[in-house]
Amino acid sequence: MKVIIGFGLVLALLIVLPSVQNVMAAGDTPGEYLDRKELIWGLFYRLMIVAFTVGTVVSGMIVWLVLRFRESNPKAKPTSYEAEGNW
Amino acid sequence: MVLELQKPRPIWQIMFSTHHTDVGLLYLITSLAFMFMGGALALLLRVELFSPGVQLIADSMTYNRIFTVHGTTLIFLFILPSASAFGNYLVPIMVRYKDMAYPKLNAVAFWMIPPAGALIWLGFADFTWYAYPTYSVISAPGPAADMWIFGLKILGISSILGAINFVVTIMKCKHPDLPLSKMPLLAWSYLTSSLIILVAVPTFAAALLMLLTDRLGASGFFNPAMGGDPIAYQHLFWFTFHPEVYILVIPAIGFMYEIFPRFSRKPIFSHSSGVFAFTLLAIVGFSSWAHHMYASGMSFTEKTVFMVGTLAAVPASAMHVFNFLATMWGGRIKFATPIMWAVGGIALFFSAGAGGVVNAAMPLDFMSHDTYWVVGHFHLFVMGTILFGTVGFIYYFFPYVTGRMYNEVMGKVHFILSFIGTVLVFFTQHILGLFGMPRRIYDYPPIPEWVQMNIIISIGAFIIGIGMAIFLVNLIWSSAKGKPADMDDPFELGGKYYFPYQAKNPSH
Amino acid sequence: MKQKGIGKMSGHSNWPEWIYVAVVIALMCYVGAEAWNVERLIEHVPEDAKLITVTGQQWLWTFEHEDGTKEIGELHLEKGEAYRFEIHSKDVIHSFNIHEYTVLMDAVPGRVNHVWFSPNVAGEFDIQCREYCGLIHYNMRGTLFVEDKGA
């Protein structure tokens, strides 16, 4: 087990370190400038994809809960706490 | 509870009372009055922004004054007192004590609010609710600005006194048989938000004093002409007012913790995770204040630290959402008005939270800072989450205070209008912000997208306004003429309530 | 440990909540890493960027080019060059903003702030003030003209 974890760590480092260096060196070419508009809006769109995916799951969950567990649902049955009337 | 309308007393008996239910009633009525006043100002602003050019407000100074007082009123004179109102009613009952720990101090804390409100409304300052120097020091016209400073000073003392009272009531007057870990989550929400107040608010109190002496020319803390630094004020301000967001939202989440189990007919999913999330939020809330200041020239390192601090608060908020949904799961939910507000509240809480995560990502600040995106974001939070939780709880509490039932149809119509209006106004404001419209502007150039979206927003605002008018009618009409409520079970849920009217007011 | 005990008492498992919290934390790590990387890239000012001194005052913008030419309310730049703004304020806090190019930086009295960009589309763009600065804040606007090189 330890060997596998250790091997995994070494492998991860071997991948991570060069890419960090690569990232650090970006944007240094003279005469060619980064397009900040593109970078910022690109980040915005990536975050929106995440936000809307999670938002669909959460709001879908809320709608399903509301429809499934409403009192008037044909499948609704009393909760186990209702017998004592104490919750 | 206080069944004033069934057993009337002279009004001075309530005003000079120190009993917690009486003080709670005073808090509730005052905060509701200020809510309608602040909301009316918002409608004036929306009429003005309906289209480019002058609509209703003749000059930009008046407009600036209106949005300043709108913000100040709704945050300090509506949300904070309304939280104190229900805290006064319920915290003593939940910790099983006869009253608040310091009843006279409690009354004093309340009676500081009307004079502070009067100072703010009679002054009508124009330097926005955050009063950044150097505008507030060298440019804002007095005496309005000075009256605002004194008003806020008084409100700060009032909330510190109130917070001390809640903390002492909970920590020292709690019944010995009731361990802190078993205390209801609503009482926990008051404990944590009061502790945040005690740590955060004194900073702003100090900043206000410095601002005042700066205005008088006696000092130059924030005035670069005298060797000061305006950014220092921003740090002091946001050190108080980012945690303030949690001060405002934690009681609203506490209200939802009462509403969800009651109407789902099932206990809360996990009491301990609620306690943990409240406590975590209270601590982590202090690590994020400077994310409001990314554009003020912060270094990359500072920005990174505060971005991480901001993101760290998200899991705690997300735990509450999980707890609410898991409580509904497997229940048999009666969709009376209060839980409709609470469910709407979590849906909007999620949207506001997702927007908040996007705001925390520092490069996006270049695009969204001080645009309508920010306006949409925090209004979604204060209206969509805090007001929805509070209004839901007002409906829930209505029968206990008045002895009568509110009108269910009107309550539901109010909810539907408010929900549609909130989505229409504040989601559109996010998009408007992406199109670059700055906040706090009296007039805007006729850019077609801006004009279209402003029209949608103004229509949405009036839908909310109609809902609030229905709310007002419902409150007044139902408390006088509503159907008498069964005080053991006004919502016909079939359970035993542990706090219907256990509080005995000596005047009854 | 206590959490587990209470979970068992109320008859449900706590695993879903732990997994949920882990997912939330993972998402936050992703957001933080992405944002950190983009911020790092755009904060890196090119060495050959030309300096433009921007001064905000109630309620207009003044621009000074490297060669000393001054412009009020208008800014003429060349496409494809990099520009570094040095932002000052004479009175209160303003915020220098060219929304089309996502350029934004507060003008704080007593401080000098920096922001840079490189216009890559020719045309006219709005310059506005985004920080509340008083009476005519709403109309503290200017125009950026991006021209093709040598035009």
Side-chain angles (χ1 to χ4, degrees), chain B residues 59-61 63-64 126-128 132-135 138-140 181 223-225 228-231 267 269-273 276 295-297 300 303-304 307-308 311-312 314-315 318-319 322-323 326 357-358 360-367 369-371 435-436 438-445, chain C residues 2-3 5-7 10 12 14 16-17 20-25 27-29 31-32 34-43 58 87 89 91-93 95 97-106 108-115 126 128-139 141:
Chain B
D59 61 309
S60 70
M61 187 45 94
Y63 179 89
N64 299 341
D126 78 311
F127 49 22
T128 82
Y132 272 5
T134 50
Y135 180 75
I138 62 173
S139 208
S181 58
N223 189 353
D229 186 359
I231 301 296
F269 172 76
S270 171
H271 184 276
S272 47
S273 111
F276 177 75
S296 66
F300 184 36
K303 285 188 188 181
T304 309
M307 179 184 72
V308 172
L311 295 177
V314 175
M319 282 172 82
F322 184 89
N323 225 342
V357 171
V358 172
M362 44 199 174
L364 300 183
D365 212 61
F366 290 113
M367 164 172 111
H369 181 73
D370 269 331
T371 64
F435 278 84
R439 323 162 56 166
R440 306 187 171 115
I441 54 171
Y442 160 66
D443 197 7
Y444 50 92
Chain C
K2 208 174 169 197
Q3 178 114 358
I6 288 174
S10 55
H12 62 70
N14 280 327
E17 185 157 11
Y20 168 83
V21 171
V23 169
V24 173
I25 292 175
L27 281 174
M28 291 309 117
C29 290
V31 172
E34 282 270 23
W36 182 84
N37 188 36
V38 171
E39 178 77 15
R40 190 188 55 78
L41 289 172
I42 60 179
E43 287 223 344
Q58 287 171 326
I87 301 166
S89 167
D91 36 39
V92 305
I93 300 181
S95 196
N97 174 225
I98 310 167
H99 185 71
E100 192 57 35
Y101 281 107
T102 56
V103 170
L104 172 84
M105 191 52 65
D106 281 1
V108 182
R111 288 194 175 211
V112 182
N113 285 337
H114 297 273
V115 67
D126 282 337
Q128 54 188 10
C129 174
R130 266 213 215 154
E131 186 63 79
Y132 177 72
C133 58
L135 203 58
I136 315 191
H137 163 61
Y138 69 94
N139 209 12
R141 305 178 71 84

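Worth knowing before you read on, the calculation uses all heavy atoms, side chains too, and leaves out hydrogens, waters and symmetry mates.
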* Do the ring centers of Tyr132(B) and Tyr132(C) come within less than 6.0 Å of each other? -> no

Which of [options] touches chain B most, by non-hydrogen pairs under 4.5 Å:
{"options": "Asp91(C), Ile25(C), Val21(C)", "answer": "Asp91(C)"}
{"options": "Pro109(C), Ser89(C), Gly110(C)", "answer": "Pro109(C)"}
{"options": "Pro16(C), Gly32(C), Ala35(C), Cys133(C)", "answer": "Ala35(C)"}
{"options": "Glu100(C), Glu34(C), His114(C), His137(C)", "answer": "His137(C)"}

Only pairs of heavy atoms separated by less than 4.5 Å count here; which of [options] has the most with chain C?
{"options": "Ile441(B), Thr134(B), Asp229(B)", "answer": "Thr134(B)"}
{"options": "Leu364(B), Thr371(B), Val308(B)", "answer": "Thr371(B)"}
{"options": "Gly297(B), Ala326(B), Ala295(B)", "answer": "Ala295(B)"}

If I measure from the heavy atoms of chain B, does [X] come under 4.5 Å with its side chain, its backbone, both, or neither?
{"X": "Val92(C)", "result": "both"}
{"X": "Leu135(C)", "result": "both"}
{"X": "Glu43(C)", "result": "side chain"}
{"X": "Cys129(C)", "result": "backbone"}
{"X": "Glu131(C)", "result": "both"}

Check your understanding: Are a donor atom and an acceptor atom from the side chains of Ser270(B) and Glu17(C) found within less than 3.5 Å of each other?
Key -> no

Closest heavy-atom pair, Leu311(B) versus Met28(C), reported as atoms and distance to 0.1 Å, is CD1-O, 3.6 Å

Item to check | Lys/Arg N to Asp/Glu carboxylate O, Asp106(C) vs Arg111(C), below 4.0 Å | outcome: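 Judged by the 4.0 Å cut-off on N to carboxylate O distance, Asp106(C) and Arg111(C) do not form a salt bridge.
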
Segment of [X] engaging chain C (4.5 angstrom heavy-atom cut-off):
{"X": "Pro230(B)", "answer": "side chain"}
{"X": "Val357(B)", "answer": "both"}
{"X": "Ile138(B)", "answer": "side chain"}

How many angstroms lie between NZ in Lys303(B) and CE in Met362(B), if you round to the nearest 0.5 Å?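 CE of Met362(B) is found 7.5 Å from NZ of Lys303(B).
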
Counting only N and O atoms by type, is there a donor-acceptor contact under 3.5 Å from the side chain of Arg141(C) to the main-chain atoms of Asp126(C)? no

